[in-house]
Amino acid sequence: MVKLYHAFYTRPAIDVARDLVGAILVRRFRGRTLRARIVETEAYVGPHDLASHASKGRTARTDVMFGPPGRAYVYLIYGMYEMLNVVTSVEGDPQAVLIRAGEPLDGWDADLSGPGKLARAMKISRALNGADLTGDALSFAPNSGARPRLVAGTRVGVDYAGDWKHELLRFMDADSRAVSKPRPKVEPAGRRSP
DNA sequence: GCGTCGATGGCA
DNA sequence: GCCATCGACGCG
């Protein structure tokens, strides 16, 4: 299967975030392969982005974000959920894309409609923090089907981020039902219940 | 359908 | 003390 390589990740997080919607996440775990079609992402665009962990500076946790692109940044949140991110841009410029939701492939039945649920179901934990995404355990394959109809929204759970909370840096496949819970407040044009 | 709340641990 | 979350629960 075709794999995305370093050139794909060596770009601004906003571009990578948009291009990852529709791409395939491939996880190899104990001899099995789990695949999912990504339907929702968020971009964290640099140290000046107050919603980004990198705005706190380089620490033990955020160290991977400051390293080379094309690696996984996985952290624990709320004491029980792991979040999968992809490091982008160039070394020294901490940008990343959060993988928020996906649809299981190959007849696999799973609920991947949220970043915590996706990571748990795909056996992604902090053990993969820093993992090279061109490697065997975790990788992405390009979108091979029709390009998804993209919609943008504000990022979830970043009310503390000042003006940055209003930025439209969340990208979703408008036609997927697996998009995570806080749905964008978008009314379909020309239709309303009586 | 929507608002509220608690779980649970690492981090600054 | 705060989280880039989730599921359970109460409501009417």
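Note on naming: letters A, B, ... go to the chains in the order of the sequence lines (proteins, then strands), and numbering restarts at 1 for each one.
Within residues 41-66 of chain A, the residues that have a heavy atom under 4.0 Å from DNA chain C are, in order of number, A:Tyr44, A:Ala51, A:His53.
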Quiz item: Should A:Leu25 and A:Leu138 be marked as a side-chain contact (heavy atoms from CB on, under 4.5 Å) after you check the CA-CA gap, both sets of side-chain angles, and the distance that decides it?
Solution: CA-CA 8 Å; A:Leu25 173 59; A:Leu138 194 61; 3.7 Å; yes
Practice problem: Quick one: do A:Glu82 and A:Leu128 satisfy side-chain contact (heavy atoms from CB on, under 4.5 Å)? Show the steps, please. | Solution: CA-CA 10 Å; A:Glu82 322 255 359; A:Leu128 287 171; over 6 Å; no
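The side-chain tip of A:Arg71 does not point at the ring of A:Tyr73 from less than 6.0 angstrom away and within 45° of straight on.
Taking the C1' atom of each, B:dG10 and C:dG7 are spaced 22 Å apart, rounded to whole Å. Comparing B:dT8 with C:dC9, their P atoms are spaced 15 Å from each other, to the whole Å.
The footprint of chain A on DNA chain C, defined by a heavy-atom cutoff below 4.0 Å, extends from C:dC3 to C:dG7.
When rounded to the nearest whole Å, the span between OH of A:Tyr78 and P of B:dC5 equals 15 Å. For the pair A:Lys181 NZ and B:dT4 P, the interatomic distance rounds to 16 Å; values are reported in whole Å. Atom CG in A:Leu76 sits about 17 Å away from atom P in B:dA7, given to the nearest Å. Whole-Å rounding puts the A:Tyr75 OH to B:dC11 C1' distance at 13 Å.
Using modelled atom types, no side-chain atom of A:Asp106 and backbone atom of A:Trp108 make a donor-acceptor pair closer than 3.5 Å. A:Glu40 places a side-chain N or O within donor-acceptor distance of the main-chain N or O of A:Ser180, the cut-off being under 3.5 Å. Within the 3.5 Å criterion, the main-chain N or O of A:Phe8 finds a donor-acceptor partner in the side chain of A:Arg11.
Contacts of A:Ile77 with the nucleic acid, taken as non-hydrogen atoms under 4.0 Å apart, include base atoms. Nucleic acid contact for A:Met80: base, since at least one base atom lies under 4.0 Å from a heavy atom of the residue.
With a cut-off of 3.5 Å on both Watson-Crick or G-U wobble distances, the partner of C:dA4 is given as none.
Residue pairs that meet the ring-ring contact (aromatic ring centres under 6.0 Å, His included) test with at least one member in residues 109-168 of chain A, sequence neighbours left out, are A:His48-A:Trp164.
Remark: of the listed residues A:Val64, A:Thr62, A:Asn85, A:Leu84, A:Asn85 is the sole one forming a side-chain contact (heavy atoms from CB on, under 4.5 Å) with A:Tyr75.
Residues A:Val87 and A:Met83 fall within the same hydrophobic cluster, defined by Ile, Leu, Val, Met, Phe, Trp and Tyr side chains chained together at heavy-atom separations under 4.5 Å.
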